[in-house]
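Structure, as structure tokens:
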Amino acid sequence: MHSSTQPGFYSDLWTGALEDAAGRLREATAALGQTQWSSVMRAWCVPYLKYGMERVFATGDDPKSGLVELIDSLAEYLRASAKSQLPLISSPASERDDSHPVEGVTGQHYGHLFREFNAQSFAGEPVTLLRARLERNDVQLPALGSAHVLDAGCGGGRYTVAWHLLGAGRVTGVDLSEPGVADARARVAQLNIENVDFRLVDVVELPLPDNSFDIVFSNGVLHHTRDWKRGVRNLVRVLKPGGVGWLYLIENPGGYFWDINELCRDIMAQELHEPARVAVSMLGIPANRVFYMLDHVMVPVNDRLTPEQIRAELETGGATSIRRLERGTDFDRVERIYQRDPHAVAKFGVGENRFVFSK
């Protein structure tokens, strides 16, 4: 079930010393064995690599040598740790069960991550991010006060509520994550928000009427499903003629940023989701950053796509006025490319695939 669209996991940048370092790290994580303690250590590798990657990128230097040093320092530490595991928690670890459908595993993973968000991360942060991305790209929306918005793959409902806070007249969030939808309903009730509803719905099949929404919004969801192409076509199908669609799918090529994420996926391939979340949280990392750490690392499917693949599927589904967004918030990868940060393309590839379209 551990899927990636990149042959061999890593990009063409991942050669020589960097590839050798990744091999040494994989050997070191395997040498930890299969215990509860080794599972915690592997989970801690994820924030170590991701925070370290951010520090390397912030220097403005060519990131390759910094990433080699980062990976090798972690491998050296793990080799030492393998010789001195703590006996108190070195009982055999549970085996990961990947026999359940993709949707169930993914829904549980995100449901447990989103439920830990505080009020600011749940309601404040998403509306700020969404507003900035819309404004910087001059996305023209229908009259929001009378618009019905579909949040397709709403998870815990963060962006469903963000659309409400931006002024949408009615917002419907759909997802197959039972814990996610339950958490979203509880939070909306607690906030006394009206005209926002949630439904347990398959975002790939999207069993909703044709031409029924003024705005369709799918933000980082379909790349985790069994059939992203069908999901895209159904988004276009339920959009009203003249409406506005928003689609975000993760990118290929993705530069060193996605190489590090793929290395983390490799390390965590057999680990259990909830213990990993607890282990990362033990480091005092805020819930929204724990989400960032484990978001793409522990889902069964993580299909990364070229802009051309996405555009072609939107056209096949009948979308018109298709535009790939060139701007983002200050920390978005596409914004770093737009601002011409040093080595931005090597770091981030093409940046996030965010598209707007009509019908």
Query raised in the report: How are the rings of F217 and Y159 set to each other: parallel, tilted or perpendicular (split at 30° and 60°)?
Result: tilted
Requested in this report: Check the surroundings of atom CD in Q339: do more than 12 heavy atoms from other residues, nucleotides or ligands lie under 6.0 Å from it?
Outcome: yes
Query - Sidechain N-carboxylate O distance under 4.0 Å for R26, D266 - result: yes
Report task. Measure up the F257 and Y292 rings against each other and bin them: parallel (under 30°), tilted (30 to 60°), perpendicular (over 60°). Result -> tilted
Query - Pair W163, D151: side-chain N/O donor-acceptor within cut-off below 3.5 Å - result: no
Query raised in the report: Does atom OH of Y51 have more than 12 heavy-atom neighbours from other groups under 6.0 Å away?
Result: yes
Query raised in the report: Should the pair H296 and H224 be assigned to parallel (<30°), tilted (30 to 60°) or perpendicular (>60°) ring geometry?
Result: tilted
Report task. Using the salt bridge (charged side-chain N to carboxylate O under 4.0 Å, His left out) rule, collect all pairs that involve residues 205-225, keeping only residues at least two apart or in two chains. Result -> E205-R226, E205-R230, D210-R237, D214-K240
Requested in this report: Step through the shown structure and confirm whether more than 12 heavy atoms of other residues, nucleotides or ligands are within 6.0 Å of CD on E54.
Outcome: yes
Query raised in the report: Going hydrophobic residue to hydrophobic residue with side-chain gaps under 4.5 angstrom, can you get from L249 over to V350?
Result: no
Report summary line: side-chain contact (heavy atoms from CB on, under 4.5 Å) filter on V238, not counting sequence neighbours, yields L150, L206, L208, S212, F213, V216
**Report entry** Short side-chain donor-acceptor distance under 3.5 Å, Q140 and D138
**Finding:** yes
Query raised in the report: Does F348 have R336 sitting over its ring (NZ/CZ under 6.0 Å from centre, angle to axis within 45°)?
Result: no
**Report entry** Side chains of L239 and I215 in contact at under 4.5 Å (non-hydrogen atoms)
**Finding:** no
Query raised in the report: Are T59 and R55 close enough that a side-chain donor and a side-chain acceptor fall under 3.5 Å?
Result: no
Report task. Taking atom types as modelled, find out whether Y256 and S11 have a side-chain donor-acceptor pair closer than 3.5 angstrom. Result -> no
Requested in this report: Decide if atom CZ of R323 counts as having more than 12 heavy atoms of other residues, nucleotides or ligands within a radius under 6.0 Å.
Outcome: yes
